[in-house]
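Presented below is the structure to which this report refers.
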Amino acid sequence: MLVAPYIDAFNPPRRTLMGPGPSDVYPEVLAAQSRPTIGHLDPLFVGMMDELKGLIQYAFQTTNEMTLAVSAPGSAGMETCFVNLVEAGEKVIVCRNGVFGERMRQNVERVGAIAVVVDNEWGEAVNPSDVEAALKAHPDAKFLAFVHAETSTGALSDAKTLCALAKQYDCLSIVDAVTSLGGVELRVDEWGIDAIYSGSQKCLSCVPGLSPVSFSPAAVAKLKARKTPVQSWFLDQTLVMGYWSGTADNGAKRSYHHTAPVNALYALHESLRLLANEGLEAAWQRHADMHQVLRQGLEGLGLKFVVDEASRLPQLNAVYIPEGVDDGAVRTQLLESYNLEIGAGLGALAGKAWRIGLMGFGARRENVALCLKALEDVLN
Ligand code: PLP
């Protein structure tokens with residue numbers, strides 16, 4: 001018999017989260033999550049799921065029937081797109097301008113497909129001319145995959161142009177919107193996006209652990225025409241839809257697939273309800289406005305942005321660490337003295353840049369003011 005450990009309840013401090021995510025969670029969302037757990041097949045819960053689907057459709061600006069939240073973080077949303085749509089031996093053009101484009105490449109290879117990588121420099125947007133050259137050189141490619149908002153660098157790519165190129169060359173588009181959803185303009189139907197995934201913990205300011213996903217009718221047709229079953233049972237959307245909307249291939253109505261993360265889904269419902277109340281366009285504008293205030297302050301402190309102004313994400317501000325400044329010491333002091341988290345550099349920018357997030361509930365004046373004051377104190 002192991003002796004029962006005596007451990008106090010975990011009681012985290014209230015931090016201000018201004019890193020690459022998770023972002024500050026709306027108080028209303030935290031409150032929603034602590035409401036009583038009910039059964040995931042309870043008629044009241046099922047009614048909430050119907051509303052949630054409509055709210056995800058609004059946030060993505062889509063009428064896609066196959067729209068839901070995967071019960072796992074953004075990485076599972078990414079994997080959902082690749083394992084459902086891409087079959088072994090198929091060719092996928094993958095744009096890589098940071099960490100998450102590289103993860104897409106790994107997903108492609110793990111399903112046994114062929115990745116044709118289009119590289120752009122870290123800190124740059126995906127270059128549509130390079131993509132078009134790859135599409136021309138590989139007429140047998142079936143997909144174009146890219147990251148809309150590259151969280152590792154703060155670069156925003158032109159999803160509208162890239163998806164139009166995908167269509168022109170008969171490819172389905174797979175788009176990572178983990179950091180873009182709710183923070184910058186994103187129009188799934190208008191831009192012709194075929195498969196898209198996001199995360200709950202960035203500009204939605206929800207608790208981490210859920211991934212909104214949507215497939216266009218063309219993506220659904222591709223899924224239904226598969227020659228082999230989806231190798232992941234859990235992520236197989238033809239089965240999951242049986243729970244989400246009763247449209248499983250076997251005709252099952254709201255049947256059990258897996259135990260839904262009931263309370264986390266209350267939280268997502270609340271965060272998307274808040275987004276809908278604010279209005280998408282107002283939320284995009286708020287992120288842009290707060291970015292301008294932060295930018296002025298950071299430049300006033302002599303900090304330089306990694307990404308050119310034209311493709312800079314308002315919600316993820318990557319700035320170079322000034323020469324001679326100890327990266328870890330600064331972030332530790334911000335955390336310990338100001339309860340403020342900013343992000344370290346990732347991949348090629350590790351030790352070279354900080355990533356300051358202005359996401360969702362965090363994109364507000366108090367956060368900008370705190371961050372600028374704290375950085376000024378610590379750097380001087
Ligand atoms: N894609 C992008 C662009 C991300 O920023 C992240 C996480 O930061 C992911 C995918 C993976 O999401 P998660 O950490 O929720 O699994």
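All heavy atoms count here, side chains included; hydrogens, waters and symmetry mates do not. As the structure lists them, so they are numbered: ligands from 1, and atoms in each ligand from 1.
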Under 4.0 Å from ligand 1, counting heavy atoms only, is it the side chain of Ser211, its backbone, both or neither? neither
I'd like to know if the side chain of Asp289 pairs up with that of Gln285 as donor and acceptor (distance under 3.5 Å, no hydrogens or angles considered). yes
May I ask you to check if ligand 1 and Tyr197 share an N or O to N or O distance below 3.5 Å? no
Subset of ligand 1 atoms that lie under 4.0 Å from at least one heavy atom of Pro73: 13 (P), 15 (O), 16 (O)
Close approach, Lys202 and ligand 1, non-hydrogen under 4.0 angstrom: yes
Below 3.5 Å, N or O to N or O, backbone or side chain included: is there any such pair between Ala76 and ligand 1? no
Close approach of Gln201 to ligand 1, heavy atoms, under 4.0 angstrom: yes
Step by step, work out the salt bridge (charged side-chain N to carboxylate O under 4.0 Å, His left out) result for Glu376 and Lys373. CA-CA 5 Å; Glu376 186 182 3; Lys373 174 78 177 76; 5.6 Å; no
Checking a contact table here: which protein heavy atom is nearest atom 9 (C) of ligand 1, and how many Å away? Phe100 CE2, 3.4 Å
Evaluate the side chain to side chain donor-acceptor pair (under 3.5 Å) criterion for residues Tyr169 and Glu132: first the C-alpha distance (whole Å), next the side-chain angles of each, then the deciding distance (0.1 Å), finally the verdict. CA-CA 9 Å; Tyr169 288 86; Glu132 182 156 27; 2.6 Å; yes
Gly74: numbered ligand 1 atoms lying under 4.0 Å from its heavy atoms: 12 (O), 13 (P), 15 (O), 16 (O)
What atoms of ligand 1 come closer than 4.0 angstrom to any heavy atom of Thr151? 2 (C), 3 (C), 4 (C), 5 (O)
List in chain and number order the residues that pass side chain to side chain contact (heavy atoms under 4.5 Å, CB included) with Asn339, two or more places apart in sequence or in another chain; answer none if no residue qualifies. Pro13, Arg15
Ranked by distance from atom 1 (N) of ligand 1, the top protein heavy atom is Asp176 OD2, 2.6 Å
Taking only heavy atoms of Thr179 into account, list the atoms of ligand 1 that are under 4.0 Å away from them. 5 (O)
Is there a salt bridge (charged side-chain N to carboxylate O under 4.0 Å, His left out) between Glu28 and Arg273? Walk through the geometry before answering. CA-CA 10 Å; Glu28 295 92 327; Arg273 199 183 67 82; over 6 Å; no
Please work out which of the three classes, parallel, tilted or perpendicular, describes the rings of Tyr243 and His40, given edges at 30° and 60°. tilted
Donor on one side chain, acceptor on other, Ser23 and Ser205, under 3.5 Å: yes
Quick one: CD on Gln201 to CG on Leu17, what's the gap to the nearest 0.5 Å? 11.5 Å
Side chains of Thr63 and Asp189 only: does a donor on one sit below 3.5 Å from an acceptor on the other? yes
Ala149: heavy atom below 4.0 Å from ligand 1, yes or no? yes
Any N or O of Arg103 that comes nearer than 3.5 Å to an N or O of ligand 1? no
Atoms of ligand 1 close to Ser75 [distance to a heavy atom under 4.0 angstrom, numbered from 1]: 11 (C), 12 (O), 13 (P), 16 (O)
